[in-house]
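A quick write-up on the structure given underneath.
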Number of protein chains: 2
Amino acid sequence: MGVTKTEIFTAEQNRVADLAKAFAHPARVAILQMLATRQACVCGDLVEELPLAQATVSQHLKELKRIGIVRGDIDPPRVCYCIDEAVWQEARHVFGDLFDSLLKRTCC
Amino acid sequence: MGVTKTEIFTAEQNRVADLAKAFAHPARVAILQMLATRQACVCGDLVEELPLAQATVSQHLKELKRIGIVRGDIDPPRVCYCIDEAVWQEARHVFGDLFDSLLKRTCC
DNA sequence: AGTATTCATCGTATTATTGCGATGAATACT
DNA sequence: AGTATTCATCGCAATAATACGATGAATACT
């Protein structure tokens with residue numbers, strides 16, 4: 001039905017899925033890479049460097065803010081977008097734990 | 001348009017996005033956790049443990065196989081699903097490198 | 001042959017996502 | 001007041017994803 005039954009999964013599973021969504025679109029990967037590797041927050045420069053319309057970039061940023069991995073500090077009329085370091089580390093640990101959970105298999 | 005412009009992003013960005021998609025739905029997270037932590041591959045037991053219809057689980061498995069992180073070894077009439085360890089490690093490194101790329105910020 | 005088991009796929013309905021033009025809000029600068 | 005800049009949001013169109021019932025293919029067991 002296009003509707004995800006979030007209520008039947010654990011909070012942890014839903015959080016992993018949400019954090020993964022931040023990286024589940026190449027445009028958002030590009031945005032996160034830009035924000036992570038710049039000395040300065042790029043603000044609206046994102047639109048210039050990405051071959052996407054301003055409205056589209058704004059929407060991806062909105063999704064990243066919803067997840068929490070990006071903050072938007074207003075500095076009118078600009079907005080300075082930054083990685084939220086706490087959420088970034090949360091994601092690192094969540095995925096790290098997940099990847100570490102692989103056990104040796106006895107079949108296949 | 002609901003159409004992702006994959007051609008305007010790097011192969012690496014598209015690969016990250018694809019791997020992230022494996023974890024971008026709580027049902028797939030649950031499936032991957034089950035496959036990663038069982039001694040034996042659970043095959044069709046997935047359907048029993050998940051509150052989803054068999055057709056839905058099969059579709060999630062199809063997506064995981066498309067990405068490559070899961071293999072389906074047929075053992076008629078059963079199918080034994082396993083984590084593909086090589087792809088699992090690929091994902092670990094891809095995300096590890098990404099999370100390590102965060103630099104100290106001088107703004108915000 | 002007939003039946004049961006296991007799983008994939010098809011068809012369908014519904015919702016989500018992606019993308020962009022247009023518009024609007026907020027601010028700064030003349 | 002008038003203009004420019006920056007960004008969010010609305011509205012729309014098109015595609016993707018989620019979910020499931022029904023059906024079919026393959027195999028095993030009677």
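Naming: A, B, ... by sequence-line order, numbering from 1 per chain.
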For dC20(C), give its Watson-Crick or G-U wobble partner with both distances under 3.5 Å, or none. dG11(D)
Map Ala55(A) and Phe9(A) onto DNA chain D by nearest heavy atom, then report which one ends up closer to the 5' terminus. Ala55(A)
Look for any protein N or O under 3.5 Å of an N or O in nucleotides 4-7 of chain C and output each such pair with its distance, or none.
residue, atom, partner, partner atom, Å
dC7(C), OP1, Gly44(B), N, 3.4
dC7(C), OP1, Val79(B), N, 3.1
dC7(C), OP1, Val79(B), O, 3.4

Quick one: is dA17(D) close enough that its OP1 or OP2 comes under 4.0 Å of any side-chain N or O from His60(B)? no
Distance below 4.0 Å between His25(B) side-chain N/O and dA19(D) OP1 or OP2: yes
Between Leu64(B) and Leu35(B), is the side-chain contact (heavy atoms from CB on, under 4.5 Å) condition met? List the steps. CA-CA 12 Å; Leu64(B) 292 173; Leu35(B) 294 181; 5.6 Å; no
If we call it a pair only when both distances are under 3.5 Å in a Watson-Crick or G-U wobble match, what pairs with dT27(D)? dA4(C)
Can you measure Asp18(A) atom CG to dA16(C) atom C1' for me and round it to whole angstrom units? 13 Å
Please state how far atom CD in Glu63(A) lies from atom P in dT17(C), giving the value in whole angstrom units. 6 Å
Evaluate whether atom NZ of Lys62(A) has more than 12 neighbouring non-hydrogen atoms of other residues, nucleotides or ligands under 6.0 angstrom away. no
Please report the distance, rounded to the nearest Å, between CD in Gln59(B) and C1' in dG11(C). 11 Å
Ser101(A) to Leu98(A) - nearest heavy-atom pair and separation: OG-O, 2.6 Å
Verify salt bridge (charged side-chain N to carboxylate O under 4.0 Å, His left out) between Asp45(A) and Arg38(A), making sure each step is shown before the conclusion. CA-CA 11 Å; Asp45(A) 305 337; Arg38(A) 301 286 160 112; over 6 Å; no
Lys62(A) has an atom NZ; how far is it from atom C1' of dG19(C), in whole Å? 14 Å
I need the minimum non-hydrogen distance between Phe9(B) and Leu50(A), along with the two atoms involved. CE2-CD2, 4.4 Å
Regarding Arg15(B) and Glu12(B), does a basic nitrogen lie under 4.0 Å from an acidic carboxylate oxygen? no
Give Leu52(A) one of three labels, base, sugar-phosphate or nothing, depending on what nucleic acid heavy atoms sit under 4.0 Å from its own. sugar-phosphate
List the steps, then state whether side-chain contact (heavy atoms from CB on, under 4.5 Å) holds for Val57(A) with His60(A). CA-CA 5 Å; Val57(A) 175; His60(A) 282 303; 5.7 Å; no
Taking 4.0 Å as the cut-off, does a side-chain nitrogen or oxygen of Lys21(B) come that near to OP1 or OP2 on dA17(D)? yes
